[in-house]
Amino acid sequence: MEISFIPLDYDSFDWQGRNYVKIVGRDEKGKRVCIIDCFQPYLWAMLKEGTSEKKAEDLRKKIEKIKIETSLRTTNVEKTELCEKNFLGKPVKAIKIFITNYKDAHPVADNLDFPEIEARREYDLNIITKYIAEKRMVPLKWCRVSGEVLNNSSEFGGIDSAIDADLCIKAEKIEECKDEIIDKRFEPKILAFDIEADELEIGKGEILMISLVGKNLKKVLTWKKCPHRLNYVECFKDEADMLEAFVNYVKKENPDMLIGYFSDGFDLPYLKARAEKNKVRLSLGIDNSQPSFARGRIPSGKIFGIVHVDLFRFIETAYSQYLQSETLGLNEVASELLGEGKREFEHKSSKQMKQEEWQEYFEYNLQDSVLTYKLAEKFWPDMLEFSKIVQEPLFEIARDSMSQMVENYIIHNLHKFSEIAEKRPLHDEIEKRREREKYEGAFVFQPQAALYENLAVFDFTSYWPSIIVTYNLSLSSFLKNREKDALEVSLGSKKAYFSKKPAFFPLMLKEVIELRKKYKQEYKKDKNPLTFARSNAYKLLANASYGYQGFFGARYYCPEASAATTAISRDFIKKIIGTINQDSYEVIYSDTDSIALKLNRHAKQEALSLLEKLNSGLPGIMELELEDFYKRGIWVTKRTGEFGAKKKYALINHESKLKIRGFETVRRDWCTLARDLQNKVLHKILQEGNEKSALELVKKTIKDLKERNIDKKDIMIRTQLKKSIAEYRAITPHVIAAQKMKEKGLPVDIGMLIEYFIAETREKKALVREKVKLPDEKGEYNIKYYLEHQIIPAVENIFNVFNINIKEVADGKQQKKLGEF
DNA sequence: GGTGCATCCTTACC
DNA sequence: ACAGGTAAGGATGCACC
């Protein structure tokens, strides 16, 4: 039988000591298919330079005798092949060692201690990664699979009868799709879920309700307060019954993906814990297996055949940089992206809840799943594109960090270069790498504080990646010693040399940048979420590639390449700044890859010609583009000293759109009062070109503050708790607030935003932390603190640009007021 | 007990 | 531990007088 197949979920299993892979996906009619495929694992032994054919042949014979016996199985070297490969760009002779079971790859590698062997590789790759790379069965890409249909077969111990799929096939041939189906849209069946429990600690309380939302499904399952008027609420006799019903609903819905928000860390482990407590099987997998949890910073809950995605984790790595939200909670993220937030609901112990409150609780629970479902629909194109581009399964894509994405992209493209993969650094190596000295980073121009008019901003497209590509900076091109025709880069007092022979990392990156360019054009022609997601995925990959080479956990770690990248970037941008200044323009600011300049007497058109001229002189794939023209811009001095502050400015373009960077307005650890005021002040000044009406606003705000007319929510300060309370060496206000919360029995976790305000105290207290109060504590806000530590600092430097001393204004007002009496 | 610098800490920019 | 360095700025810690 032959079918078209789109792979979604991958898993490996052993049968009679050998490795097999089972892949769950859909055929073109939407039927669920499970493909079983054998996998012949292997690793590499690279030979020392100059090893003779004869010695290599002798070695093969010795290697073929290696046998690993464990209580579980016996792993043999099944066969070996002598191959010509590349490693870090250099040709090597390597023996490909096929083994019975990949789980024993490490012990086999340990047995390869022959003098002819230089290094052993590829025993530390994930087996699924290796399978995908080997068989080219790329996630979310249609392929043709032919093979034998398993129907209550005894093969693999009757595995097919345990799997709830429409079709189970033992693969014989897998080919890339060449017909029209390759472009066929695939819409996954999504099921969102969310639970509510009395206690936040996993498994401590009972699960009160579970909501489920699919395309045509809206349900809240509960065993509390029944019967109920709400038609979507379904009641069960106890928690165990509800849990069983949950499993049955998932099975009936038959989704491709089960999606939650924080579900890796909360919902799924909670369900598991309560199922155990109630002695109910949580057989969510399509083979009735229970979710398994892979260890890690956050455990990852895997369900066989249904891709479990914790949407929070994907948003955190792939999308948080685009969000304005100050936290990545469901409410804020959904409000920003969907224009719809969570239901308001005041949590209290379920024992004290009245009938109407239960109704609100059910509505609240359902809404969480509704939002999760909608967000999943929104992010589906992004997960799809990342999965296709990086060639890793959705489960991994939804959880991998950007460095892992870059690394997986590399690994899945190594075959184009006949490269053997470098090993992952071990613990000791990581420790060593982390101790290395920092290298110098980007150049930041020292600005002059002023209000400027008529500006242009240029910036380099993918600046650092374009330098890596243009100058061939990578681990394989890095030279230990000077060679002729090599590129020499000065790194402080040292020098680094790079070969000019194009290396695979820059070549892959070049392709990523080119594809990004191509898909960006495509997006401009046809704006839709899919074209955007594709272009964006390439952009993020390119941007993360620079950091990857300097990251201590990277297989292709090369801090010299990172240092060279930034060194070249500094020289380059300084040179460009010099050229611009020669032309009676004036560069007023620059940070890393961007340049802000005053047009002076030049027209916009002339600035565009200048840009063209600059571009014609750029090497390789480097490219400078216009970011925008601006009507005005303001730079302020640092709080200490007369110099202009870096990374702090505000611009207004000709469509009156504001761009604010670094100011307190955009900092979440300042109170709303100060942030809003500063934002309005910047707005007025940039819009009007002078400070007059802005000054009036400040005076009014100060008056309101002194008369205690400020709303309490506007003076709350929010600061993130980055570690546990005990770990803090300096006891800052937010640590005190966290301590107070703990004493009250409120949950305090690492990563939480701690909210507090500074209150008046009876006795004079020196430290701010002695005046900290929690939002619901009684007490008046401290006028002096909010004036001197929030409002004035937020606007002081802005008015300094106009030679106005805002402190005097604040005091003057008071004097005037005194005079009125 | 105040001053001033160092250090810790968070958050931003690119 | 889960991309990098650069930078601002608040609050506390601590030596010093």
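Note on naming: letters A, B, ... go to the chains in the order of the sequence lines (proteins, then strands), and numbering restarts at 1 for each one.
Atom-to-atom, CZ of A:Phe643 to C1' of C:dA7 comes out at 15 Å; the value is rounded to the nearest Å. Put simply, CD on A:Gln404 is 13 Å from P on C:dG4, counting in whole angstrom units. Between A:Arg424 atom CZ and C:dC2 atom C1' the separation is 12 Å, expressed in whole Å. Taking atom CG of residue A:Asp591 and atom P of nucleotide C:dA8, one finds them 11 Å apart after rounding to whole Å. The distance between atom CZ of A:Phe505 and atom P of C:dA3, rounded to the nearest whole Å, is 14 Å. Look at CZ on A:Phe552: it is 10 Å from P on C:dG5, rounded to the nearest Å. With rounding to whole Å, A:Gln549 atom CD is found 14 Å from C:dG5 atom P. In this structure, CZ of A:Arg570 is placed 17 Å from P of C:dG4, rounded to the nearest angstrom.
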### Message
Before you tell me yes or no, could you show the steps for A:Arg668 and A:Gln720 under side chain to side chain donor-acceptor pair (under 3.5 Å), namely the whole-Å CA-CA distance, both residues' side-chain angles and the distance that decides it to 0.1 Å?
### Response
CA-CA 9 Å; A:Arg668 69 174 181 189; A:Gln720 194 182 28; 3.1 Å; yes
### Query
What do the steps show when you test A:Val390 against A:Glu396 for side-chain contact (heavy atoms from CB on, under 4.5 Å), and what is the final call?
CA-CA 10 Å; A:Val390 176; A:Glu396 275 70 28; over 6 Å; no
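The two atoms that bring A:Val489 and A:Ala567 nearest to each other are CG1-CB, 4.0 Å, heavy atoms only.
Note on A:Tyr728: only backbone sugar-phosphate atoms sit closer than 4.0 angstrom, heavy atoms only; bases stay farther off. In this structure, A:Thr719 reaches the sugar-phosphate backbone alone: every heavy-atom distance under 4.0 Å involves primed, P, OP1 or OP2 atoms, never a base. In this structure, A:Tyr557 reaches neither bases nor backbone, as no heavy-atom distance under 4.0 Å exists between it and the strands shown. Nucleic acid contact class of A:Gly662 (heavy atoms, under 4.0 Å, all strands): sugar-phosphate only.
Ring geometry, A:Phe460 versus A:Tyr463: the interplanar angle falls under 30°, so the pair is classed parallel (tilted spans 30 to 60°). Ring orientation note: the planes of A:Tyr589 and A:Tyr649 are tilted relative to one another, at an angle of 30° to 60°.
Non-hydrogen atoms lying under 4.0 Å from DNA chain C are contributed by nothing in residues 673-681 of chain A. Annotation: proximity of residues 428-446 of chain A to DNA chain C (heavy atom, distance under 4.0 Å) is found for A:Arg434, A:Arg436, A:Lys438, A:Tyr439, A:Glu440, A:Gly441, A:Ala442, A:Val444, numbered in ascending order.
Cation-pi check for A:Lys302 over A:Phe395 is met; the charged atom lies under 6.0 angstrom from the ring centroid and within 45 degrees of its normal.
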### Message
Strictly under 4.0 angstrom, non-hydrogen atoms only: write out the protein contact profile of nucleotides 9-17 of chain C, one letter per nucleotide from the 5' end, B, S or -.
### Response
SSSSS----
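A side-chain donor-acceptor contact under 3.5 Å links A:Gln549 to the backbone of A:Leu473.
No side-chain donor from either of A:Glu625 and A:Thr461 sits under 3.5 Å from a side-chain acceptor of the other.
Looking at A:Asp310 and A:Phe266, their side chains never come closer than 4.5 Å, going by heavy atoms from C-beta outward. Residues A:Pro139 and A:Glu392 fail the side-chain proximity criterion, which asks for heavy atoms closer than 4.5 Å. At least one side-chain heavy atom of A:Leu686 sits less than 4.5 Å from a side-chain heavy atom of A:Leu451.
Phosphate contact (OP1/OP2 of C:dA3, side-chain N/O of A:Ser403, threshold under 4.0 Å): present.
The salt bridge (Lys or Arg N to Asp or Glu O under 4.0 Å) pairs that include a residue from residues 716-737 of chain A are A:Glu326-A:Arg718, where partners are two or more places apart or lie in different chains. Listed by first then second residue, pairs satisfying ring-ring contact (aromatic ring centres under 6.0 Å, His included) with a partner in residues 536-567 of chain A read A:Trp464-A:Tyr546, A:Phe504-A:Tyr556, A:Tyr519-A:Tyr538, not counting sequence neighbours.
A 4.0 Å heavy-atom criterion places the boundary nucleotides of DNA chain B facing chain A at B:dC8 to B:dC14, written 5' to 3'.
Here A:His734 and A:Tyr728 bring their ring centres to under 6.0 angstrom of each other.
Between C:dA3 and B:dC9, the two P atoms lie 22 Å apart (nearest whole Å).
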